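Report on one structure; see the data block that follows.
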Amino acid sequence: MGGKIDCYVDCNSPYSLYAVIYLRKNRKALESYGVEVEFFPVFLGGIMQNSGNTPPWKLPAKAKHGQLDGKRAQKYFGVELTPPKFFPIMTLLPLRSMVYIKEKYPRDQYETMLQELWTGYWGDHLDLSKPDIMSKVFARHFKPEEVEQIMKAGTSPEYKQKLSKITGRLVESGAYGCPWFEVTNSKGKTEPFFGSDRWHYMYQFLDLPFQDIALPEKPQTKL
Ligand SMILES: N[C@@H](CCC(=O)N[C@@H](CS)C(=O)NCC(=O)O)C(=O)O
């Protein structure tokens with residue numbers, strides 16, 4: 001056993017949040033089998049454009065079904081999200097800032113802030129593409145001088161380049177949406193997975209002794 005799950009997310013994607021929630025919740029169990037989990041910010045707009053895909057909400061049938069399926073996912077993962085009127089936003093600023101935070105801060109602080117992007121955007125309906133708003137959300141978790149550094153990095157050529165490198169490499173490897181995963185098993189083999197609903201396939205690939213969804217038969221009552 002052993003292995004690694006690399007999970008690529010963008011805060012324009014609610015399903016990315018479900019992946020973050022799920023993997024953080026199950027990390028202890030995964031680590032007990034030697035499976036590490038790592039989250040990477042990635043630019044979904046760039047993935048869509050460069051893979052030739054289009055956002056699901058642009059196709060009326062997918063948009064309609066997405067309303068239903070989105071609600072089901074929220075119920076399953078225990079969150080309530082409503083798309084803000086200004087959805088989607090340009091997520092480059094929050095994502096580039098998160099690349100910096102990932103480098104400079106402890107894992108837990110980085111992952112908590114990552115999750116907070118959805119709270120600010122989908123929960124509080126804050127447009128994180130706007131620097132003044134984004135910095136206020138960072139200010140909930142970081143000291144003023146840290147926020148200044150984070151915002152500086154988030155608009156710098158260095159972090160623009162870093163996010164673009166992650167996105168470009170992922171597209172080259174075949175990504176077309178978010179959440180995207182690169183999973184490496186104990187034999188060193190890596191395979192891609194798409195979606196916050198593919199854990200059973202990942203666990204098969206990782207050779208983990210997972211319990212599948214169990215539907216117990218309804219107990220028969222004697223009259
Ligand atoms: N079935 C997947 C759906 C994930 C999904 O729809 N992701 C969107 C972004 S929120 C996407 O990238 N879609 C690309 C596509 O469906 O081709 C899940 O449950 O996670």
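Remember, predicted model here, so these are calculated numbers, not experimental data. Every number for a ligand or one of its atoms is a count from 1 in the order of the listing. Computed from heavy atoms alone, side chains included, the values below leave out hydrogens, waters and symmetry copies.
Under the 4.0 angstrom criterion for non-hydrogen atoms, A73 is not in contact with ligand 1. Distances shorter than 4.0 angstrom do not occur between any heavy atom of R198 and any atom of ligand 1. Within the 4.0 Å heavy-atom cutoff, F194 counts among the residues contacting ligand 1.
When hydrogens are left out, the protein atom nearest atom 17 (O) of ligand 1 is N53 ND2, 2.9 Å; that is the closest non-hydrogen contact. Atom 13 (N) of ligand 1 has its closest protein heavy atom at P56 CG, 3.6 Å. For atom 1 (N) of ligand 1, the nearest non-hydrogen atom of the protein is D197 OD2, 2.9 Å. For atom 10 (S) of ligand 1, the nearest non-hydrogen atom of the protein is S13 OG, 3.2 Å.
For ligand 1, none of its N or O atoms has an N or O atom of Y15 under 3.5 Å away.
Applying the 6.0 Å contact sphere to CD of E31 captures more than 12 heavy atoms from other residues, nucleotides or ligands.
The aromatic rings of Y159 and Y100 sit perpendicular, their planes meeting at an angle over 60°, well past the 30° parallel limit. Ring geometry, Y22 versus F77: the interplanar angle exceeds 60°, so the pair is classed perpendicular (tilted spans 30 to 60°).
We find that E148 and K143 are not joined by a salt bridge, their nearest charged nitrogen and carboxylate oxygen being 4.0 Å or further apart.
For T155 (side chain) and M151 (main-chain N/O), a donor-acceptor pair under 3.5 Å exists by modelled atom type. Judged by distance alone, with hydrogens and angles left aside, the side-chain atoms of N12 form no donor-acceptor pair with the main-chain N or O of M90 at under 3.5 Å.
Close contacts between ligand 1 and S196 involve ligand atoms 18 (C), 19 (O), 20 (O) [criterion: under 4.0 Å to a heavy atom]. Near P14, meaning under 4.0 Å from one of its heavy atoms, ligand 1 places the atoms 10 (S). Shown in contact with G195 at under 4.0 Å from a heavy atom are these atoms of ligand 1, numbered in order with element: 2 (C), 18 (C), 20 (O).
In the candidate list C178, P55, G177, C178 is nearest to atom 9 (C) of ligand 1, counting heavy atoms.
Looking at L23 and F181, their side chains come closer than 4.5 Å, going by heavy atoms from C-beta outward.
With V183 as reference, I5 is the one residue of V35, I5, D6, T190 to meet the side chain to side chain contact (heavy atoms under 4.5 Å, CB included) rule.
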